[in-house]
Amino acid sequence: MAKTKSSYFCQSCGYESPKWLGKCPSCGQWNTFVEEVVEKPNAAVPDWKSSTGGSTSLQRANKAVQVSNITFSDEHRILTPDKELNRVLGGGIVAGSLTLIGGEPGIGKSTLMLQLALSMPAAKILYVSGEESDRQIKMRAERIAAPQPPKGEAESSSGTGCFILTETSTQNIFKQIEQLQPDLVIVDSIQTLYSAHIESTPGSVSQVRECTAELLRFAKESSTPVFLIGHITKDGMIAGPKILEHMVDTVLQFEGDRHHVYRILRAIKNRFGSASELGIYEMLGAGLREVSNPSEILLSQRDESLSGITISATLEGMRPMLIETQALVSTSAYGTPQRSATGFDTRRMNMLLAVLEKRCGFRLGNQDVFLNITGGIRVEDPAIDLGLAAAIISSHEDIPIPSKTCFAGELGLSGEIRAVNRIEQRIAEAQKLGFEQIFISRYNLPSGKKDNKQLDLSHYDIEIKAVSRIEEVFTLLFG
Ligand code: TYD
Ligand code: MG
């Protein structure tokens, strides 16, 4: 019987200490140490290929190789039928990669992964669940209207498709993996797994870390991609030590407002692609549906122009999106005016209001101001400033802005309209969606000397209004 040993772990960064500490010397957080029972790796317990198991597998020493001598076969990527997922991953699933998907409970992580597993009947996919029984998963699979392989024997005889395993011990999972030889493994969720090497309870820092390390070794040695679903804590961090995020290749966040149907899959870290990509889904009664043209859903259907509503041409990752922004400005009934923004930073809203007051002379100090970005999404792109400023004034003056007009520009503190990146893409998207006019910054236009990287206006049908100051915008709009 091995002697049990306990250690203290920082719940925030995973730092290990033999005694309790008030402040973590590694990450500086207070009161994060929790005692966990740890047992040293025991050679008798089977592991993923026991020859390399445990953390003492340093026998094989690698030699330094000149970078030009490293042979590189084109990174093998599996293209899934889910185009949004492919985009967020940087062009498909990379062989041997470990991907972590975090998100609030009930947002649809299990649905997304099960849908992925069901949508590739030609591949052998193992869906390991420690959270639900196989019948529950089957019920969910019935709801999801993914293209499924023919029912019954065809599925099992061909030996491909989606396999469900309800198991939480990593050693048993690896046994099943060795038998099945799947092309892709999905684990729902990492917090429910436990490894027999470690004594502490599932979900504790040391268990999560050990299970992830075992799955990482498996992924790298067998070149099988692995997806891990991870819980997040109250403040939106992925539960478990921060090193979990360092260990995996890709961290995706599945987010959205539970009261809205739209869900956003965001890459937070990606070793194989851009970390600013975004996938948009719609949660329907029959699973998640990809939204390939987000602008159309984010623009609410209306015919007449209303005051306080503008459209902004924003960019999320590499993808242009037209988003409706709404403002309501009304005289405050109480002493202190209310300021509230949904989907937009309140401090930035206060800055916009100050600029409009100081530079354009609008008296907004005694007004309640409410801002809303429709669709329940959050925008951080500064190009939305100009549209919001126009919406605020449109509501304040009660003059509607023509519905075929959109905006893309950042507002500076002195009231200047600053240039924004990728203006061509924004203009092209606005034109594609039938807009007739777009306000952009003059600094996005070619300057006196011919600069080849500057914008060429000649091939756009949409009317481009280049402005350099916020006052000009209002003169053009409201006369
Ligand atoms: P789930 O995938 O269980 O969330 P997570 O694994 O992130 O906790 O999603 C659960 C929610 O999704 C639940 O509230 C019901 C809803 N849902 C649908 O609207 N349609 C569906 O087809 C499915 C399967 C779930
Ligand atoms: Mg789940």
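All heavy atoms count here, side chains included; hydrogens, waters and symmetry mates do not. Counting starts at 1 for both ligands and their atoms, in listed order.
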Task: E131 near ligand 1 by a heavy-atom separation under 4.0 Å - done: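 Flag not set, E131 not near ligand 1.
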TODO: Using distance alone, with no hydrogens and no angle criterion, decide if S97 and D249 have a side-chain donor and acceptor under 3.5 Å apart.
DONE: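 Per modelled atom types, S97 and D249 side chains form no pair under 3.5 Å.
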- [ ] For S195 and E214, test the side chains for any donor-to-acceptor distance below 3.5 angstrom and give the result as yes or no.
- [x]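 Yes - a donor-acceptor pair under 3.5 Å links their side chains.
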Task: Presence of N, O or S from T111 under 2.8 Å of the Mg ion (ligand 2) - done: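 Not a single backbone or side-chain N, O or S atom of T111 is under 2.8 Å from the Mg ion (ligand 2).
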TODO: Using a 4.0 Å heavy-atom threshold (strictly under), name the region of S110 that reaches ligand 1: side chain, backbone, both or neither.
DONE: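 For S110, backbone and side-chain atoms both sit under 4.0 Å from ligand 1.
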Task: Which segment of K109 sits under 4.0 Å of ligand 1 when only heavy atoms are counted - done: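 It is both backbone and side chain that touch ligand 1.
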Task: Close-contact set for ligand 1 against M283 heavy atoms, below 4.0 Å - done: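 Per the distance check, 12 (O), 16 (C), 17 (N), 18 (C), 19 (O), 20 (N).
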TODO: Just jot down the ligand 1 atoms closer than 4.0 angstrom to any heavy atom of E104, in number order.
DONE: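 Going through ligand 1 atom by atom, the ones under 4.0 Å from E104 are 7 (O).
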Open item on the list: Counting non-hydrogen protein atoms only, what is the nearest one to atom 20 (N) of ligand 1? Give residue, atom name and distance.
Closed with: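 Result for atom 20 (N) of ligand 1: L284 O, 2.7 Å.
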So is [X] polar-close to ligand 1, meaning N/O to N/O under 3.5 Å?
X: G106; answer: yes
X: G285; answer: yes
X: G287; answer: yes

TODO: Only one of V94, L98, T99, I101 passes side-chain contact (heavy atoms from CB on, under 4.5 Å) with T250; say which it is.
DONE: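 Between T250 and the candidates, side-chain contact (heavy atoms from CB on, under 4.5 Å) is satisfied uniquely by T99.
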Open item on the list: Salt bridge or not between R348 and E380? Use side-chain N to carboxylate O under 4.0 Å.
Closed with: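 Salt bridge flag = no for E380 with R348.
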